[in-house]
2 protein chains.
Amino acid sequence: MMSVTIKDVAKVANVAPSTVSRVIANNPRISEQTKVKVREAMEQLGYHPNFIARSLANQSTQVIGLVTPGSSDVFFQNPFFPTVLRGLNEGAHEHQYALQLVTGKSEDDIYNGVVQMVQGGRVDGVVLLYSKVEDRIVTYLQDRDFPFVMIGKPYKLAESITHVDNDNVQAGFDATEFLIGMGHERIAYIGGDKQLVVTVERLQGYKNALEKAGIPYRDSYTVHESFLLEGGKDAICALMDLPVSDRPTALLVTDDLMSLGVLNTLSELDMTVPEDISMISFNNVLFSEMSRPPLTSVDINIFQLGFEASAQLIKRVEHKSEPHRRITVPHHIVKRFSTEYVKK
Amino acid sequence: MMSVTIKDVAKVANVAPSTVSRVIANNPRISEQTKVKVREAMEQLGYHPNFIARSLANQSTQVIGLVTPGSSDVFFQNPFFPTVLRGLNEGAHEHQYALQLVTGKSEDDIYNGVVQMVQGGRVDGVVLLYSKVEDRIVTYLQDRDFPFVMIGKPYKLAESITHVDNDNVQAGFDATEFLIGMGHERIAYIGGDKQLVVTVERLQGYKNALEKAGIPYRDSYTVHESFLLEGGKDAICALMDLPVSDRPTALLVTDDLMSLGVLNTLSELDMTVPEDISMISFNNVLFSEMSRPPLTSVDINIFQLGFEASAQLIKRVEHKSEPHRRITVPHHIVKRFSTEYVKK
DNA sequence: TGCAATTTTGTTTACGCTTACAAAATGTTC
DNA sequence: GAACATTTTGTAAGCGTAAACAAAATTGCA
């Protein structure tokens with residue numbers, strides 16, 4: 001390789017290496033005259049600064065590490081991922097940061113990946129793309145006082161962790177109330193992994209709404225599965241095992257992908273949405289409008305979640321003393337055709 | 001920060017820093033005895049090597065750069081992306097490499113991103129996740145003799161670029177022949193951006209199959225749109241503008257996401273698949289089995305495309321003199337319910 | 001012109017690690 | 001046990017840049 005370094009430029013421009021370095025940083029203590037001279041030399045030689053060397057000298061890499069939940073494979077499948085990535089990407093790019101993924105299959109793998117990244121000085125900060133109940137990674141980062149932000153609400157110590165999240169209790173509440181407003185009373189909740197804080201919170205909102213409406217909460221109406229197509233399938237089968245008169249007239253499904261599964265399973269069972277059963281979904285990803293019927297879905301602004309996360313992280317990295325914040329990204333219900341007034 | 005360095009370990013273990021370095025590299029010229037001693041010191045101090053410093057000394061970062069096509073936003077939306085990423089991830093992880101994304105909005109942005117990455121020494125090699133007709137990035141990488149591999153077939157100089165691809169001509173041929181085998185003769189081709197090599201190749205395969213069957217090729221039967229939902233919609237409208245007796249009885253759509261759009265538009269037009277019109281799709285991503293009807297789709301093994309790409313790249317990085325290869329990932333048709341024999 | 005104040009540039013060390021080369025320790029042979 | 005070969009460890013020079021400190025050049029003003 002042997003690429004051109006700051007020294008080569010210095011030689012050509014007939015100045016000291018440090019002068020070149022200062023020109024790069026656009027240091028005001030260098031005269032315009034020599035700046036021009038140096039820039040010409042850089043141009044002529046096709047010089048590009050070496051990030052690695054700069055990182056070493058600076059103790060900063062301009063790279064953000066992204067951490068996916070243990071089961072990356074599953075996570076990647078969900079359209080949530082590309083969208084949040086797009087947001088992260090844009091937020092990072094605005095400040096000239098690059099993104100690096102922590103790769104790993106198992107939970108241990110990921111943990112070690114994070115440790116290597118952090119201790120190895122590969123990244124200046126870390127974004128956790130999830131929030132789960134007990135998380136060694138969070139503990140680790142906190143112990144080392146390493147800058148990170150979380151997408152989702154931290155299980156505990158939320159005040160001392162900068163995080164970007166929706167008001168998921170409220171979102172669950174709103175979605176449930178939306179169904180109640182259409183006359184539904186037998187409403188089932190199909191949520192994802194109980195380890196995920198988001199699942200727990202939306203469930204809470206669901207319960208709150210039921211309580212407010214005076215509808216008793218029934219354990220048999222809540223199912224927890226993974227955020228995948230299969231999950232939706234299994235969930236619906238469990239519900240349809242109930243006696244006919246007891247079956248829910250409406251479903252609240254906390255993920256669009258699961259909703260697709262639910263939709264298909266219902267179709268196999270010859271039940272039509274929304275005539276036989278109503279459905280409200282979460283996330284409002286691309287294909288929620290492409291399903292049949294198009295899904296009424298709670299749009300949680302995934303892009304913005306990502307965007308804010310990297311923006312906040314960079315703020316923390318660059319000003320270590322920034323106070324911890326919570327950023328609440330708004331949600332809103334997008335009404336489509338999977339919800340209908342209950343038949344009396 | 002002031003983390004623990006090789007020197008601290010050396011002091012504690014009472015050896016020279018170089019010895020510690022050699023222990024890390026597990027150099028056989030260090031006696032087992034001192035290895036043990038040094039490892040204990042590392043353990044005790046919680047030492048982790050600094051990647052940046054190592055990179056600088058080594059001139060190698062163990063990082064792979066990923067380059068998405070200019071319109072990253074669109075690309076991210078497509079389920080192709082997460083799947084290929086998963087493959088890349090796994091291939092990289094097996095060899096302890098990390099992935100870094102080139103971020104950027106416009107084509108220029110991306111180009112500059114690549115230049116910075118490469119010249120800045122941030123990455124050891126690059127994977128291009130696409131292949132398009134005229135590409136400055138390819139030219140640039142070739143000029144600098146920088147290791148890269150491409151997913152898809154290079155527009156030119158395919159022999160001097162290591163690339164991982166399907167046999168897309170054959171795939172287009174197979175898909176078309178599959179439809180012909182069901183008695184279809186009026187078959188339309190709905191492809192993506194004409195700038196993408198894959199579009200061109202599958203079209204070629206389509207033409208070949210028609211020719212072999214003695215079916216004349218008609219310009220009005222080929223439509224090119226972007227790989228998105230909207231694309232599918234526009235495409236189908238164009239075809240349905242044809243006189244009734246001239247309308248195709250079967251569609252070959254080169255992307256599942258577009259197929260979803262097509263499916264929905266057809267449904268709006270009150271046409272049922274496969275009764276009124278047959279459809280074969282490409283990629284076989286997650287939801288091609290979740291659509292209604294589930295799509296017959298050509299599975300191109302996206303995961304493996306990614307996996308091979310990073311594996312090959314790493315091979316190139318570590319042995320610069322490796323000859324250029326072409327890796328052909330097999331495809332196969334997954335028959336579902338969107339294709340039916342033509343009605344006479 | 002002379003001298004201090006100020007601006008501009010140069011010298012040098014440090015960042016944490018690798019590695020060629022040198023030196024020391026150990027082993028082998030007669 | 002001397003002489004040499006071999007194994008093991010240490011010394012020191014880099015990798016390319018940043019920045020503290022020192023030195024030189026320029027400016028202003030009497």
Side-chain angles (χ1 to χ4, degrees), chain A residues 1-39 41-42 45-63 96 116-124 318, chain B residues 1-39 41-42 45-63 116-124:
Chain A
M1 262 290 152
M2 223 46 278
S3 26
V4 20
T5 79
I6 220 171
K7 281 184 189 163
D8 302 319
V9 176
K11 217 164 287 167
V12 170
N14 203 23
V15 296
S18 59
T19 304
V20 178
S21 173
R22 291 195 183 100
V23 173
I24 295 170
N26 201 20
N27 188 315
R29 297 175 19 174
I30 300 291
S31 67
E32 270 313 316
Q33 207 176 1
T34 56
K35 273 186 185 172
V36 169
K37 190 171 63 179
V38 169
R39 290 204 181 105
M42 292 188 348
L45 295 175
Y47 169 80
H48 280 259
N50 182 312
F51 272 100
I52 302 299
R54 173 180 287 190
S55 297
L56 186 59
N58 266 344
Q59 303 288 66
S60 108
T61 61
Q62 303 262 106
V63 176
Q96 321 266 40
Q116 282 210 352
M117 266 208 167
V118 171
Q119 311 252 27
R122 277 198 202 245
V123 296
D124 291 345
E318 295 183 349
Chain B
M1 263 291 153
M2 223 47 278
S3 27
V4 20
T5 79
I6 221 171
K7 281 184 190 164
D8 303 319
V9 176
K11 217 164 287 169
V12 170
N14 202 23
V15 296
S18 59
T19 304
V20 178
S21 172
R22 292 195 181 100
V23 172
I24 295 170
N26 201 20
N27 187 315
R29 297 175 18 175
I30 301 291
S31 68
E32 270 313 316
Q33 207 176 358
T34 56
K35 274 187 187 174
V36 169
K37 191 171 60 179
V38 170
R39 290 205 182 104
M42 292 186 353
L45 295 175
Y47 170 80
H48 279 259
N50 181 312
F51 272 100
I52 302 298
R54 172 181 287 187
S55 297
L56 186 59
N58 268 344
Q59 302 287 65
S60 110
T61 61
Q62 304 263 105
V63 176
Q116 282 210 352
M117 266 208 164
V118 170
Q119 312 253 25
R122 276 199 202 245
V123 296
D124 292 345

Residue among A:V38, A:N50, A:I24, A:V23 satisfying side-chain contact (heavy atoms from CB on, under 4.5 Å) with A:I6: A:I24

Any base atoms under 4.0 Å from B:V15, or only sugar-phosphate, or nothing? Heavy atoms, all strands. sugar-phosphate

Among C:dG10, C:dT18, D:dA18, which nucleotide has an atom closest to any side-chain atom of B:A57? C:dT18

I need the CG-C1' distance between B:N14 and D:dT8, as an integer number of Å. 15 Å

Comparing B:A16 with A:A25, nearest DNA chain D nucleotide closer to 5' gives the residue B:A16

Do the side chain of B:N58 and the main chain of B:S60 share a donor and acceptor less than 3.5 angstrom apart? no

Any N/O donor-acceptor pair, A:R22 side-chain to C:dT9 base, under 3.5 Å: no

Atom pair distance, as rounded to whole Å: NZ in B:K37 and P in D:dT8: 13 Å

On the nucleotide D:dT17, are OP1 or OP2 found under 4.0 Å from the side-chain N or O atoms that A:S55 carries? no

If you check every side-chain atom of B:T5, which of D:dT17, D:dA22, C:dG16 has the closest atom? C:dG16

At 4.0 Å (heavy atoms only), tell me whether B:R54 reaches a base, stays on the sugar-phosphate, or touches nothing. sugar-phosphate

Under 4.0 Å between any heavy atoms, over every strand shown, what does B:Y47 touch: base, sugar-phosphate, or nothing? Just pick one. sugar-phosphate

When we call it a touch if two heavy atoms are under 4.0 Å apart, what does B:P17 touch: a base, just sugar-phosphate, or nothing? nothing

Grab the CD1-C1' distance between A:I24 and D:dG16 for me, whole Å please. 10 Å

Taken to the nearest whole Å, CD1/B:I30 to C1'/C:dA24 is 13 Å

Got a second to check how far A:R54's CZ is from B:L56's CG, nearest 0.5 Å? 13.5 Å

Shortest side-chain distance from B:T19, nucleotide among D:dG10, D:dT17, C:dG16: D:dG10

Would you mind reading off the distance between A:F51 atom CZ and D:dT17 atom P, rounded to a whole angstrom? 11 Å

Taking only side-chain N and O atoms of A:Q59, does any of them lie within less than 4.0 angstrom of OP1 or OP2 on C:dG16? yes

Which atom of A:V4 lies closest to which atom of A:V9, heavy atoms considered: CG2-CG2, 4.3 Å

Give the nucleotide from the list C:dT18, C:dC21, D:dG16 with an atom nearest to the side chain of B:S21. C:dT18

Nearest-Å distance for atom pair CD/P, residues B:Q33 and D:dT7: 17 Å

Are A:N26 and A:K35 close enough, and set up right, to give a side-chain contact (heavy atoms from CB on, under 4.5 Å), and what steps lead you there? CA-CA 8 Å; A:N26 201 20; A:K35 273 186 185 172; 2.9 Å; yes

Please classify the nucleic acid contact of B:T34 as base, sugar-phosphate, or nothing, using heavy-atom distances under 4.0 Å. sugar-phosphate

A:N58 has an atom CG; how far is it from atom P of D:dT17, in whole Å? 12 Å

The nucleotide from C:dT8, C:dC15, D:dT17 with an atom nearest the side chain of A:L56 is C:dC15

Nucleotide C:dG16, atom P - distance to CG of B:L45 in whole Å: 14 Å

Is there a donor and acceptor pair closer than 3.5 Å between the side chain of B:S18 and the base of D:dT11? yes

Which heavy-atom pair separates B:T34 from B:I30 by the least distance, and what is that distance? OG1-CG2, 3.0 Å

